[in-house]
There are 2 protein chains.
Amino acid sequence: MSIQTRRERERAERERLIVTAAQELAEAEGWSAVTTRRLAAEIEYSQPVLYSHFKGKGAIMAAVAVQGCADLAAELRPARTGAEPDGRRAALAAVASTYTDFARRRPATYDAIFTNAVDLPFATPEAPAPLRDAFGEILAAVEPVAAADDPALLTETFWAALHGLVTLTRGGRLPAEAHDHRLAMLVERFAPGD
Amino acid sequence: MSIQTRRERERAERERLIVTAAQELAEAEGWSAVTTRRLAAEIEYSQPVLYSHFKGKGAIMAAVAVQGCADLAAELRPARTGAEPDGRRAALAAVASTYTDFARRRPATYDAIFTNAVDLPFATPEAPAPLRDAFGEILAAVEPVAAADDPALLTETFWAALHGLVTLTRGGRLPAEAHDHRLAMLVERFAPGD
DNA sequence: ACCGGAATGCTAGCACCGCTAGCTTCCCTG
DNA sequence: CAGGGAAGCTAGCGGTGCTAGCATTCCGGT
């Protein structure tokens with residue numbers, strides 16, 4: 001039994017190693033640099049080992065996405081709770097800028113979560129917990145300013161606006177220097193007055 | 001001189017053929033199906049011919065993007081002008097739903113414009129004319145509701161929100177059935193009252 | 001009218017991709 | 001201490017974007 005558990009532990013450790021190596025490599029050189037050969041070399045195993053842990057490259061990206069989502073939620077929570085004493089609008093603004101800052105600092109992880117990996121259940125109860133957590137943080141910031149609107153739908157709308165700003169800015173469609181200004185406008189629209 | 005011009009005309013025609021073939025193939029089977037071999041077969045030439053017209057696959061996608069942008073602008077204009085008699089909010093709503101509808105009907109073209117192709121100048125004076133036209137249509141709808149805010153920046157923000165809704169919905173991150181509801185909420189935030 | 005040269009488009013191939021079949025090697029179990 | 005199963009390797013398949021180098025074809029000058 002002990003030997004078995006040790007093996008399982010080592011296996012789980014190696015799986016973590018794969019995911020973090022993929023995440024770091026993607027962050028450093030972009031997802032196009034994350035090839036199965038390169039990743040295998042990075043973890044000092046051969047390619048087929050990857051496929052004994054994950055069904056394919058997509059599954060590895062999905063794993064990075066789930067882990068990254070947990071990180072995102074972990075950043076959003078203190079930002080929101082820390083700003084709540086300053087009012088609903090301040091909390092919303094804090095969540096918004098933390099969100100876009102995460103996307104700016106970790107673009108590859110952000111893409112894994114929100115742009116590339118498709119084989120993850122999202123808007124369903126079967127969605128991975130970290131994913132629902134991250135959404136829950138935005139929801140908690142939007143709910144107080146929802147007024148008569150459905151909070152969940154309004155959260156999705158606000159989140160989509162943040163996502164659009166992130167992707168268009170990073171893709172060069174929007175000049176980055178006015179980002180804060182746009183963010184302020186958006187928050188003003190969703191939490192007017194104070 | 002006449003022979004020369006005929007050759008140039010034929011060459012231009014073939015270039016158009018490549019772009020429309022790429023666009024149709026992408027729309028029918030997704031960009032992953034648009035390989036240089038497949039595209040070459042489609043236009044009944046060999047692969048290297050593609051490279052005598054475009055620097056690479058990315059340049060072909062960029063050409064599809066520019067053409068698609070012209071189409072988008074051509075759809076936005078009548079939608080906006082047709083709804084303007086019904087008020088600023090109606091015009092904004094018309095532009096918004098026309099925009100997202102375009103993205104839904106032509107996802108591959110939309111991706112070429114706003115997600116994939118990166119080697120196009122966007123927020124600069126050197127941006128291709130169709131691109132500036134499409135932005136100008138959204139601007140014309142947003143400007144009347146800008147109040148004290150910078151119209152251009154507010155347009156970018158509204159556009160980003162539309163873009164976020166489009167990409168998250170299509171990527172399965174948002175359930176499609178509530179799309180109209182979210183759109184209505186967004187328009188309400190940017191053009192409150194009437 | 002014809003021949004030389006340029007341009008045009010082809011075949012074949014490079015280096016790389018994701019992924020897998022099948023063999024070897026090693027370690028745990030009885 | 002032998003046998004069996006798991007674990008990880010090498011090698012390879014079909015595909016990708018892209019390019020070198022060779023035919024062929026057609027135009028322009030004498």
Side-chain angles (χ1 to χ4, degrees), chain A residues 1-19 21-23 25-26 28-65 108 111-112 116-120, chain B residues 1-19 21-23 25-26 28-65 108 111-112 115-119:
Chain A
M1 189 61 174
S2 167
I3 284 171
Q4 192 72 6
T5 58
R6 192 211 63 201
R7 291 202 143 185
E8 281 172 15
R9 190 180 61 240
E10 285 176 355
R11 194 181 158 76
E13 244 169 65
R14 196 175 58 182
E15 189 158 316
R16 255 182 12 108
L17 182 65
I18 293 173
V19 175
Q23 192 256 111
L25 185 53
E29 306 183 32
W31 278 109
S32 67
V34 183
T35 69
T36 55
R37 282 168 181 80
R38 181 85 185 273
L39 192 52
E42 210 77 33
I43 63 170
E44 296 178 317
Y45 280 94
S46 67
Q47 276 179 288
V49 165
L50 301 174
Y51 293 88
S52 74
H53 286 270
F54 300 96
K55 207 180 63 178
K57 189 184 172 179
I60 297 176
M61 291 182 62
V64 171
D111 280 346
N116 297 337
V118 190
D119 49 357
L120 278 176
Chain B
M1 189 60 174
S2 166
I3 284 173
Q4 192 73 6
T5 59
R6 192 213 60 201
R7 292 203 141 188
E8 282 172 13
R9 190 181 60 240
E10 286 176 353
R11 193 180 158 77
E13 244 168 65
R14 197 175 56 181
E15 190 157 318
R16 253 181 15 107
L17 182 65
I18 293 172
V19 174
Q23 194 257 109
L25 186 52
E29 307 184 30
W31 278 110
S32 66
V34 184
T35 69
T36 55
R37 282 168 181 80
R38 181 84 185 274
L39 191 52
E42 211 76 32
I43 64 169
E44 297 177 318
Y45 281 94
S46 67
Q47 277 179 287
V49 166
L50 300 175
Y51 293 87
S52 74
H53 286 270
F54 300 96
K55 207 180 62 179
K57 189 183 172 179
I60 296 176
M61 291 182 61
V64 172
D111 280 346
T115 308
N116 298 336
V118 189
D119 49 356

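Quantities reported herein were computed from a predicted structural model and do not represent experimental measurements.
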Check your understanding: Is any side-chain heavy atom of A/Arg14 closer than 4.5 Å to a side-chain heavy atom of A/Val49?
Key -> yes
Measure all distances between protein nitrogen or oxygen atoms and nitrogen or oxygen atoms of nucleotides 6-8 of chain D, and list the pairs falling under 3.5 Å.
{"unit_1": "D/dG8", "atom_1": "OP1", "unit_2": "A/Arg14", "atom_2": "NH1", "d": "2.7"}
{"unit_1": "D/dG8", "atom_1": "OP2", "unit_2": "A/Arg14", "atom_2": "NH1", "d": "3.3"}
{"unit_1": "D/dG8", "atom_1": "OP2", "unit_2": "A/Arg14", "atom_2": "NH2", "d": "3.1"}

Review point. Residues two or more places apart in sequence or in another chain: which of them pass salt bridge (Lys or Arg N to Asp or Glu O under 4.0 Å) with B/Glu15?
Key: none
Review point. Just how far is it from atom CD of A/Gln23 to atom CD1 of A/Ile18, taken to the nearest 0.5 Å?
Key: 14.5 Å
**Study point:** Spacing between A/Phe54 atom CZ and C/dG18 atom P, to the nearest angstrom
**Key:** 15 Å
Review point. Which atoms form the tightest heavy-atom contact between B/Tyr51 and B/Gly56, and what is the distance?
Key: CE2-CA, 3.9 Å
Check your understanding: Do other residues, nucleotides or ligands put more than 12 heavy atoms under 6.0 Å from the CZ atom of A/Arg16?
Key -> no
Review point. How do B/Gly58 and A/Glu44 order along DNA chain D: which one's closest nucleotide is nearer the 5' end?
Key: A/Glu44
Check your understanding: How many Å lie between CE on A/Met61 and C1' on C/dC17, as a whole number?
Key -> 15 Å
Practice item. Rounded to the nearest angstrom, tell me the gap between atom NZ in A/Lys55 and atom P in C/dG18. Key: 16 Å
Practice item. Rounded to the nearest angstrom, tell me the gap between atom CD in B/Glu10 and atom P in C/dG9. Key: 9 Å
Study note, to complete from the structure: Residues B/Ala22 and B/Val34: closest non-hydrogen pair is O-CG2, 4.0 Å
With a cut-off of 3.5 Å and sequence neighbours excluded, list every side-chain donor-acceptor pair involving residues 38-46 of chain B.
{"unit_1": "B/Arg38", "atom_1": "NH1", "unit_2": "B/Glu29", "atom_2": "OE1", "d": "3.3"}
{"unit_1": "B/Arg38", "atom_1": "NH2", "unit_2": "B/Glu29", "atom_2": "OE2", "d": "2.8"}

Practice item. Using atom NZ of B/Lys57 as one end and atom C1' of D/dC18 as the other, report the distance to the nearest whole Å. Key: 12 Å
Review point. Hey, what do you get for CD1 (B/Ile60) to CH2 (B/Trp31), rounding to the nearest 0.5 Å?
Key: 8.5 Å
Check your understanding: In chain order, what residues pass the side chain to side chain donor-acceptor pair (under 3.5 Å) check against A/Arg37, with sequence neighbours excluded?
Key -> none
Identify all pairs in which a protein N or O lies below 3.5 Å from an N or O of nucleotides 12-15 of chain D, and state each distance.
none

Exercise for review: To the nearest Å, give me how far apart CG (B/Leu50) and C1' (D/dT16) are.
Suggested key: 14 Å
Provide a list of protein-nucleic acid N or O atom pairs under 3.5 angstrom, restricted to nucleotides 20-23 of chain D.
none

Practice item. Kindly write out the residues that satisfy side chain to side chain donor-acceptor pair (under 3.5 Å) with B/Asn116, not counting sequence neighbours, or none if the list is empty. Key: none
Review point. If you measure from NZ on A/Lys55 to CG on A/Asp119, what distance do you get to the nearest 0.5 Å?
Key: 6.5 Å
Exercise for review: Please state how far atom OH in A/Tyr51 lies from atom P in D/dT10, giving the value in whole angstrom units.
Suggested key: 16 Å
